[in-house]
Enquirer: 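Attaching a single structure in C-alpha cells format; questions to follow.
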Amino acid sequence: MQYGLAFPYVDAHTLVELAQEAENVGWDGVFYWDGGGTDPWVALTAVALHTDRVRLGTMVTPLPRQQPWKVASEASTLDHLSQGRVILPVGLGVVELERMGIVKDYKIRAQMLDEGLDIVDRWWNGETFSYDGVYYQINEVNGMPPLQRPRIPIWVHGSDKQSQLRRAARWDGVKLSGTADQIQQARQTIMAQRTTAAPLDIITEGQTSGDDPEQAAATVRPYAQAGVTWWIEAIWDTPQSTGGIEGMRTRIQQGPPRME
C-alpha cells in the first residue's frame, strides 16, 4: 500500500513547504484540491521543482468543467517536468459544477466525462487525431505524449453504480468509499469487467491518528487486505486541519499509517 495526502486550498508557497516535509517523512503522494482558487497545475509544478520522489496529482479534476485537451497538455507537461510522477484523478465535478451553474444533469456530465477521457487518452498517444463526439469535436490536432507509458495513470471516481464500475474497468485506478468489505466487493465487480492485464489501483480516502501508530495501522490493514493500493489521508477533514497550516504540518510530520 502507498500513502498520499489530500491537501485543501493552501497557497502555492505553503503547498511546496508541506509537500517537501511529506516527502522527507515518507509519504508517497501529494494531491491538491482542484476546485477553484489557486490553479492546481501551476501549484503542482512548483511542487515538482522542489521534490524528487512523491507522486503528484489533483483530487480530483472535474473534467466536464474543463477542456480535456488542455488538461491532457498540462498533465503531460508536468509529467515530463517531474520525471514521470503525475497521476490524473478525475470525476464529474458534482460540487464544483453545481456552484458554477454548469451542466447540472448528471447523465450529461457522465457522457462528457467519458468523451473527455477518450480525448485525453488519444492526446497522450502523440499522434494526429480527430474526434467527433456529442459534446466535443476536434479536427486533426497533434497530441503530446507524457513521459510515462503507455500513459499517465488515470483514476476515476467509483461507487456501487454499474455505470461507474464499468468506467473504472477501462482505466488505471478507481477511488472508492465504504468499508473494506464493500470496497472488496466493488473491486471484484470491476475486475470481472476488465479487459486488460494491466494492474488496477484501488484508492480510498480516510483519516488516521498520527498520535497512535498501532491504531493507525489497524485502521488501514483491512483495506490493504481488501486490495486497496493507495490510502489517501484527507487532512482537510481532520481535527488537525482546524488548527490551520500548523495542524496539517503536525499530521504530515507524524508520517503515514504504515503497517509493520
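Computed from a prediction, not measured in an experiment: that's the story for all the values here. When a residue number appears, it is its place in the shown sequence, counting from 1.
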Enquirer: Write down the atom of V120, the atom of I154, and the distance for their closest heavy-atom approach.
Expert: CG1-CD1, 4.4 Å

Enquirer: Please tell me if the side chains of S130 and N139 come closer than 4.5 Å, counting only heavy atoms from C-beta onward.
Expert: yes

Enquirer: With a 4.0 Å cut-off on N to O distance, would you call E127 and R122 a salt bridge?
Expert: no

Enquirer: Just wondering, do P256 and W27 contact through their side chains at under 4.5 Å, heavy atoms?
Expert: yes

Enquirer: Sub-3.5 Å donor-acceptor pair from the side chain of T61 to the main-chain atoms of V90, do we have one?
Expert: no

Enquirer: What I want to find out is whether D34 reaches R65 closely enough, with some N-O distance under 4.0 Å, to be called a salt bridge.
Expert: yes

Enquirer: I'd like to know if the side chain of T58 and the backbone of Y32 have a donor-acceptor N/O pair within less than 3.5 Å.
Expert: no

Enquirer: Would V25 end up clustered with V30 when hydrophobic side chains under 4.5 Å apart are linked, directly or stepwise?
Expert: yes

Enquirer: Does a side-chain heavy-atom distance below 4.5 Å link Q254 with P213?
Expert: no

Enquirer: Using every non-hydrogen atom in the two residues, find where H80 and P145 come nearest and quote the distance to one decimal.
Expert: NE2-O, 2.9 Å

Enquirer: So, T196 side chain and A198 main chain: donor-acceptor pair closer than 3.5 Å or not?
Expert: yes

Enquirer: Less than 3.5 Å apart, any donor N or O on the side chain of S177 or E205 sitting next to an acceptor on the other?
Expert: no

Enquirer: Taking all atoms of both residues into account, what is the closest heavy-atom pair of F129 and I119, and its distance?
Expert: CZ-O, 4.1 Å

Enquirer: Answer yes or no: is there an ion pair linking R85 with D28, defined by an N-O contact shorter than 4.0 Å?
Expert: no

Enquirer: Will you find, in the side chains of Q137 and Y131, an N or O donor that is under 3.5 Å from an N or O acceptor?
Expert: no

Enquirer: Determine whether the side chains of S159 and Q164 contain a donor N or O and an acceptor N or O closer than 3.5 Å.
Expert: yes

Enquirer: Got a second to check how far Y9's OH is from D11's CG, nearest 0.5 Å?
Expert: 6.0 Å

Enquirer: Grab the two heavy atoms, one from R187 and one from A226, that are nearest each other, plus how far apart they are.
Expert: CD-O, 3.7 Å

Enquirer: Evaluate whether atom CD of E214 has more than 12 neighbouring non-hydrogen atoms of other residues, nucleotides or ligands under 6.0 angstrom away.
Expert: no

Enquirer: Just how far is it from atom CG of L113 to atom NE2 of H157, taken to the nearest 0.5 Å?
Expert: 11.0 Å

Enquirer: Closer than 4.0 angstrom, basic N to acidic O: yes or no for R149 and D79?
Expert: no

Enquirer: Applying side chain to side chain donor-acceptor pair (under 3.5 Å) to T51 and Q20, what does each step give before you reach the verdict?
Expert: CA-CA 6 Å; T51 57; Q20 288 177 310; over 6 Å; no

Enquirer: So do the side chains of T179 and Q182 get within less than 4.5 Å of each other, counting heavy atoms only?
Expert: yes

Enquirer: Looking at side-chain heavy atoms only, is the closest gap between V47 and L56 below 4.5 Å?
Expert: yes

Enquirer: Under 4.5 Å between side-chain heavy atoms, counting indirect links through other Ile/Leu/Val/Met/Phe/Trp/Tyr residues: same cluster for V228 and M191 or not?
Expert: yes

Enquirer: Does the side chain of L63 come within less than 4.5 Å of M112's, by heavy atoms?
Expert: no

Enquirer: Can you name the nearest heavy-atom pair linking Q148 to V86, along with the distance?
Expert: NE2-O, 2.8 Å

Enquirer: What about W230 and Y223, are their ring centers closer than 6.0 Å?
Expert: no

Enquirer: Run T77 and M144 through side-chain contact (heavy atoms from CB on, under 4.5 Å) and show every step you take.
Expert: CA-CA 8 Å; T77 300; M144 175 182 175; 4.1 Å; yes

Enquirer: Verify whether one side chain among E233 and Q207 offers a donor that lies under 3.5 Å from an acceptor in the other.
Expert: no

Enquirer: Would a 4.5 Å heavy-atom cut-off, applied to side chains only, mark L176 and I202 as touching?
Expert: yes

Enquirer: Would you call Q162 and Q193 a side-chain contact if the rule is heavy atoms closer than 4.5 Å?
Expert: yes

Enquirer: For R251 and T208, which I'm curious about, is there any donor-acceptor pair between the side chains at under 3.5 Å?
Expert: yes

Enquirer: Under 4.5 Å between side-chain heavy atoms, hopping through other hydrophobics if needed: is there a path connecting L49 to L147?
Expert: no

Enquirer: Would you call R151 and D172 a salt bridge, using N to O less than 4.0 angstrom?
Expert: yes

Enquirer: Do V42 and I87 sit in the same hydrophobic cluster, where Ile, Leu, Val, Met, Phe, Trp and Tyr count as joined when their side-chain heavy atoms come under 4.5 Å apart?
Expert: no

